[in-house]
**Q** 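Sharing a structure, written as structure tokens. Questions coming.
Position 1 is the first residue of the sequence, and the numbers go up from there. What you are looking at is a predicted structure, and each value in this text was computed from that prediction instead of being measured.
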Amino acid sequence: MATLSEIQALLGEPRFNWSDPAPWIELEQEIGIECPADFREIVDAYGSITINGQLYLEHPAGHLLHSLGKTIRGDLELWSEEDMAELLPSPVGANPGELMPVASAMTGEWVFLRVPDDSSSPWRVVVQEMDSPAWTLYEMTFSEWLLAYLKGRDVTLCSRNFAPERPFYEFLS
């Protein structure tokens, strides 16, 4: 699994550094699953941001304008609609094998975490590309997928055109 320090080396020093678990506890009780530790660690470090002006990550703290909890609720509703659900390899939700929407991109992609089949299995990333419409399952944890994205590898989202010098982030406003 990729480490936060590897991500920091490419993306820069985080400036959010959230430590209160309360928003995560509330979100996880609402959606019915515990989010993977690597995803929580990254989002706690960076907060609600846009990476390379392309990829949107949000934190669950309710006081933020862009809150992960609000976004997940809306996205679960959207992706449960029949015409949207048929674009995914499995339903959205918190059951094993289902997909939890956790990020999106200004270029039309949606990033999902695939709920593991059992507690010993790892979380995986599914990216749905709206303009094709196609999806890709990445046999990677979220941190591994994000690190590959930051390195400019093609993980459906590709940062090379958006950050030719080096990856960067900005707080969502």
Side-chain angles (χ1 to χ4, degrees), residues 1-76 78-79 94 99-115 122-130 138 140-173:
M1 183 180 311
T3 65
L4 182 58
S5 62
E6 290 174 290
I7 290 167
Q8 287 174 357
L10 290 171
L11 191 56
E13 197 64 34
R15 297 186 310 256
F16 191 68
N17 300 310
W18 189 269
S19 61
D20 180 5
W24 288 106
I25 293 167
E26 183 179 324
L27 173 64
E28 292 168 346
Q29 287 174 344
E30 180 181 343
I31 63 175
I33 56 168
E34 187 176 319
C35 295
D38 66 324
F39 176 74
R40 286 178 61 158
E41 181 181 36
I42 292 163
V43 173
D44 275 345
Y46 287 95
S48 293
I49 59 171
T50 178
I51 300 175
N52 301 333
Q54 180 185 29
L55 177 63
Y56 299 101
L57 292 182
E58 296 175 334
H59 192 275
H63 73 281
L64 299 171
L65 178 60
H66 299 277
S67 170
L68 181 61
K70 292 176 198 167
T71 299
I72 285 178
R73 282 189 291 281
D75 290 350
L76 285 171
L78 172 73
W79 287 100
L99 305 175
M100 186 59 61
V102 296
S104 63
M106 65 159 289
T107 47
E109 297 85 2
W110 295 72
V111 180
F112 298 84
L113 295 177
R114 185 182 178 282
V115 180
W123 288 79
R124 296 299 184 212
V125 174
V126 171
V127 180
Q128 204 293 326
E129 191 173 9
M130 289 301 288
Y138 291 94
M140 305 173 172
T141 63
F142 181 79
S143 59
E144 291 166 340
W145 178 86
L146 182 60
L147 187 61
Y149 166 77
L150 293 173
K151 289 180 174 180
R153 295 192 182 124
D154 186 358
V155 285
T156 306
L157 284 168
C158 192
S159 67
R160 287 186 297 271
N161 297 339
F162 291 90
E165 300 296 317
R166 66 172 282 132
F168 65 93
Y169 74 96
E170 301 169 312
F171 287 108
L172 290 173
S173 55

**Q** For Thr156 and Glu129, test the side chains for any donor-to-acceptor distance below 3.5 angstrom and give the result as yes or no.
**A**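 Checked: Thr156/Glu129 side chains show no N/O donor-acceptor pair below 3.5 Å.
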**Q** Is there a side-chain contact between Glu58 and Leu64, using heavy atoms and a 4.5 Å cut-off?
**A**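 Not in contact.
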**Q** Look only at the side chain of Asp20 and the backbone of Ala22, and say whether a donor-acceptor pair between them is shorter than 3.5 Å.
**A**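 Looks like yes, one N/O pair under 3.5 Å.
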**Q** Taking the inter-plane angle between the rings of Phe16 and Phe171 on a 0 to 90° scale, is it parallel (under 30°), tilted (30 to 60°) or perpendicular (over 60°)?
**A**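 Rings of Phe16 and Phe171: tilted, 30 to 60°.
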**Q** Would you say that Pro14 contacts Ile7 through its side chain, given a criterion of any heavy-atom pair below 4.5 Å between the two side chains?
**A**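 Not touching, per the 4.5 Å side-chain cut-off.
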**Q** For a side chain to side chain contact (heavy atoms under 4.5 Å, CB included) check, start with the C-alpha distance between Asp75 and Trp110, then their side-chain angles and the critical distance, and finish with the verdict.
**A** CA-CA 10 Å; Asp75 290 350; Trp110 295 72; 3.1 Å; yes
**Q** So, Asp44 side chain and Asn17 main chain: donor-acceptor pair closer than 3.5 Å or not?
**A**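 Looks like no, no N/O pair under 3.5 Å.
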**Q** Would you sort out whether Leu157 and Trp145 count as a side chain to side chain contact (heavy atoms under 4.5 Å, CB included), showing the intermediate values?
**A** CA-CA 10 Å; Leu157 284 168; Trp145 178 86; 3.5 Å; yes
**Q** Do Leu4 and Tyr46 have side-chain heavy atoms sitting under 4.5 Å apart?
**A**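 Side-chain contact under 4.5 Å: yes.
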**Q** Judged by atom type as modelled, is there a donor-acceptor pair below 3.5 Å linking the side chain of Ser143 to the main-chain atoms of Asp38?
**A**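 Checked: no pair found.
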**Q** Hey, what do you get for OG (Ser67) to CZ (Arg73), rounding to the nearest 0.5 Å?
**A**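 If I round to the nearest 0.5 Å, the distance is 6.5 Å.
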**Q** Taking C-beta and beyond as the side chain, do Thr71 and Tyr56 meet within less than 4.5 Å on heavy atoms?
**A**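 With C-beta onward as the side chain, the pair stays apart.
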**Q** Quick one: which of Glu28, Glu34, His59 gives a side-chain hydrogen bond (donor to acceptor under 3.5 Å, both in side chains) with Arg40?
**A**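 The side-chain hydrogen bond (donor to acceptor under 3.5 Å, both in side chains) with Arg40 is passed solely by Glu28 among Glu28, Glu34, His59.
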**Q** Would you call Tyr138 and Val126 a side-chain contact if the rule is heavy atoms closer than 4.5 Å?
**A**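 Tyr138 does not reach Val126 side chain to side chain.
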**Q** Does Leu11 form a side chain to side chain contact (heavy atoms under 4.5 Å, CB included) with Leu146? I'd like the steps, not just the answer.
**A** CA-CA 10 Å; Leu11 191 56; Leu146 182 60; 5.5 Å; no
**Q** What's the spacing between Thr3 OG1 and Gln8 CD if we round to 0.5 Å?
**A**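 Nearest 0.5 Å value for the OG1-CD distance: 8.5 Å.
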**Q** What are the two closest heavy atoms between Val102 and Leu68, and how far apart are they?
**A**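 Scanning both residues, the minimum pair turns out to be O-CD1, 3.7 Å.
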**Q** Checking Phe39 against Trp123 for the side chain to side chain contact (heavy atoms under 4.5 Å, CB included) test, could you report, in this order, the C-alpha distance in whole Å, the side-chain angles of both residues, the deciding distance, and whether it holds?
**A** CA-CA 10 Å; Phe39 176 74; Trp123 288 79; over 6 Å; no
**Q** With a 4.5 Å heavy-atom cut-off, do Thr141 and Arg124 have their side chains touching?
**A**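 A side-chain contact exists here, since the closest heavy-atom pair is under 4.5 Å.
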